[in-house]
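In what follows, a single structure is set out as structure tokens and then discussed.
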Amino acid sequence: MPDTKTASLQFLGKQYNLPVRIGTEGEAAFDITRLREQSGVITFDEGYGNTGSCESTVTYIDGEKGILRYRGYPIEQLAEHSHFVETAYLVIYGKLPSPVERAKFSDLLTEHAAIHERMVYLFESYPRDAHPMALLGAMVNALACYYPHLATNTHFGDKDNFDEAAATLISKVRTITAMAYRMSRGLPVIYPRRTLKYCENFLHMMFSDPYDHYECPPVVSRAMNLILLLHADHEQNCSTATVRMVASSGANLFASAASGVCALWGPFHGGANQAVIEMLQAIHADGDDGTRFIAEAKLGKNRLMGFGHRIYKNYDPRAKIIGKACEELLQTLGIKDPLLDIARRLEYVALNDSYFVDRKLYPNVDFYSGIMMRAMNIPVNMFTVLFAIGRMPGWVAHWREVAMSGRPRIYRPRQIYTGSVKRDYVPIEQR
Ligand code: ACO
């Protein structure tokens, strides 16, 4: 029987035994924690494609099979039966809440929906056309200034305020987002209502005006819940890994989440949902049905945004759910969006083209989410902000795993230095 608990590595005539860690789903990892100490050699894995940086109990993904589970529950079941607030509880606390726990969590979110009045002045000091992701990052970080009792270093104690800090962050991001939207358009700020649920309250703060309450159609509230729920966590993606990295230094929840917002912004990550719509609009404006664009993508002249994923080498299960929900939403609202036709055509062409098939490039969650958000009147530059609102429970859960583990250890990768070897300083007149 081969030894599955140890791997061995040979280098310069010496053998190093590496313990093997096995996850609950059978994933195996060579544990190299002591490798450098024993051998003087480090491992190299640019982009971390083969590196497990931590153990985590939050989310399981099998990218080859297209499986995604939060705390063991398949994403398909959560999408069908749960809603964002319940799923947020699950992601953060590791279990489905009882009715009492769910009501208590919802009440806590309601209680913390409003933001400190003086934060309004912060918004006013930003340019009207500031990108909402820049504002979100700044405002989430600023929460540490306005709620300092929740911005503590938990590495060595003070775990009592976690529930309040988590609820403050998850609840206030939607208020911040709606406020940023209203102020960018010169519209009066709308305050949250205690009687409304999470998504309805967000849409109320976005679209009501002082004299006319926005009545949220149930289909829109369901779609918003679904979008946020599908984004709630995705294990060690770029932004979550960033949040964990920042948390490992002992930084507070708000600072760590703000770093997640910044990492999410880029078009290779959360910014892809905005990039997808801009790509579809450009294709539409060119009178192309997608064929020309695909041909250029194959030549490396552009990228098919919303396609491909570092982990999924199969259909992203979230894209399957969101693609179907997108059709249903547009149909129920009676919207005919030419961008949906182009997206469907791009998907069909790509999935039948060896360039995409051989590289295992499939639609990811961002491919259809933007078309849904457009149908809900969410402006394109706010798509990534909605992704951030949805991802907040995941960041909170991962921050908690790092900051409250009881085993504080700063994340600090190494590098292979490829710069100049030692050289002596040259006085300026001799250069
Ligand atoms: N369009 C065209 N070609 C692509 C695409 C794409 N969307 N994605 C990857 N490729 C090609 C690459 O050019 C490369 O080809 P090559 O082997 O001939 O050089 C090959 O597929 C592998 O690509 P990598 O960039 O090495 O894959 P990686 O795992 O590093 O990148 C990523 C994954 C960033 C998601 C990439 O697929 C991409 O840029 N997609 C578009 C942006 C996007 O949708 N991002 C959202 C991701 S999901 C999320 O964060 C929520």
Side-chain angles (χ1 to χ4, degrees), residues 45-51 59 61 63-64 66 68 70 75 133 226-243 260-280 282-283 288 290-323 326 339 342-343 345-373 380 383-395 398:
D45 182 21
E46 194 173 39
Y48 308 124
N50 305 283
T51 296
T59 288
I61 300 176
E64 266 70 33
L68 168 62
Y70 299 158
I75 193 67
M133 280 300 274
L226 182 71
I227 289 174
L228 298 184
L229 180 156
L230 290 177
H231 287 88
D233 192 50
H234 212 236
E235 52 118 301
Q236 306 309 316
N237 57 87
C238 176
S239 55
T240 303
T242 304
V243 169
V261 172
C262 296
L264 188 71
W265 193 358
F268 281 5
H269 190 14
N273 54 18
Q274 176 173 345
V276 167
I277 291 297
E278 287 165 355
M279 168 188 82
L280 294 174
I283 293 173
D288 178 17
T291 316
R292 196 162 61 236
F293 188 91
I294 292 272
E296 286 177 1
K298 287 162 61 177
L299 296 172
K301 289 187 181 168
N302 55 39
R303 265 197 180 197
L304 182 51
M305 301 311 286
F307 252 72
H309 200 279
R310 174 61 62 79
I311 303 288
Y312 292 118
K313 299 304 166 198
N314 200 323
Y315 218 109
D316 178 340
R318 302 166 301 173
K320 259 188 204 159
I321 297 169
I322 224 163
C326 182
L339 300 194
I342 295 175
R345 167 98 188 131
L346 286 172
E347 179 183 343
Y348 176 80
V349 175
L351 294 184
N352 288 287
D353 188 303
S354 61
Y355 175 93
F356 294 89
V357 174
D358 295 350
R359 288 171 179 75
K360 300 187 173 159
L361 301 170
Y362 293 87
N364 60 50
V365 67
D366 295 316
F367 197 61
Y368 289 107
S369 63
I371 300 177
M372 280 182 88
M373 289 191 263
V380 177
F383 288 1
T384 313
V385 175
L386 262 77
F387 189 150
I389 297 177
R391 186 52 55 85
M392 237 16 109
W395 290 342
H398 285 273

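All values below were derived from every heavy atom in this structure, side-chain atoms included, with hydrogens, water molecules and symmetry-related copies excluded. Since we're looking at a predicted model, the values are computed, not measured. Along the sequence shown, residues carry numbers from 1. Numbering of ligands and ligand atoms starts at 1, following listing order.
Evaluation of the side chain to side chain donor-acceptor pair (under 3.5 Å) rule for Asp358 yields no partner, not counting sequence neighbours. Residues passing the side chain to side chain donor-acceptor pair (under 3.5 Å) test with His231, sequence neighbours excluded: none.
Closest heavy-atom approach to atom 40 (N) of ligand 1 within the set Phe367, Phe387, Phe307, Phe268: this belongs to Phe307. For the residues Gly270, Gly308, Ala272, Gly271, the heavy atom positioned nearest atom 43 (C) of ligand 1 is part of Ala272. Taking only non-hydrogen atoms, the option from Lys360, Lys313, Arg310, Arg391 nearest to atom 30 (O) of ligand 1 is Arg310.
For Leu68 against Ile61, the heavy-atom pair with the smallest separation is CD1-CG1, 3.7 Å. Of all heavy-atom pairs spanning Met279 and Arg303, the tightest one is SD-O, 4.0 Å.
Nearest protein neighbour of atom 48 (S) of ligand 1, counting heavy atoms only, is His309 CD2, 3.5 Å. Shortest contact from atom 39 (O) of ligand 1 to any protein heavy atom: Arg303 NH1, 2.6 Å. In terms of protein heavy-atom proximity, atom 11 (C) of ligand 1 is nearest to Tyr355 OH, 3.6 Å.
Not one N or O of Ala297 is nearer than 3.5 Å to an N or O of ligand 1, by distance alone. Inclusion of Asn364 in the set of residues having an N or O under 3.5 Å from an N or O of ligand 1 is warranted. Considering backbone and side-chain N/O atoms, Asn302 never comes within less than 3.5 Å of an N/O atom of ligand 1. Some N or O of Arg359 is nearer than 3.5 Å to an N or O of ligand 1, by distance alone.
Of the N and O atoms on the side chains of Thr59 and Asp233, at least one donor lies less than 3.5 Å from an acceptor on the other residue.
Under 4.0 Å from ligand 1, not a single heavy atom of Val276 appears.
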Report task. Could you go through the ring-ring contact (aromatic ring centres under 6.0 Å, His included) check for Tyr312 and His234 one step at a time? Result -> CA-CA 11 Å; Tyr312 292 118; His234 212 236; 5.3 Å; yes
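Within the listing of ligand 1, atoms 43 (C), 44 (O) sit less than 4.0 angstrom from a heavy atom of Gly306. Close approach of ligand 1 to Asp366 (heavy-atom distance below 4.0 Å) involves ligand atoms 46 (C), 48 (S), 49 (C), 51 (C).
Looking at Leu304 and Phe293, their side chains come closer than 4.5 Å, going by heavy atoms from C-beta outward. For the pair Arg391 and Val261, the minimum side-chain heavy-atom distance is 4.5 Å or more.
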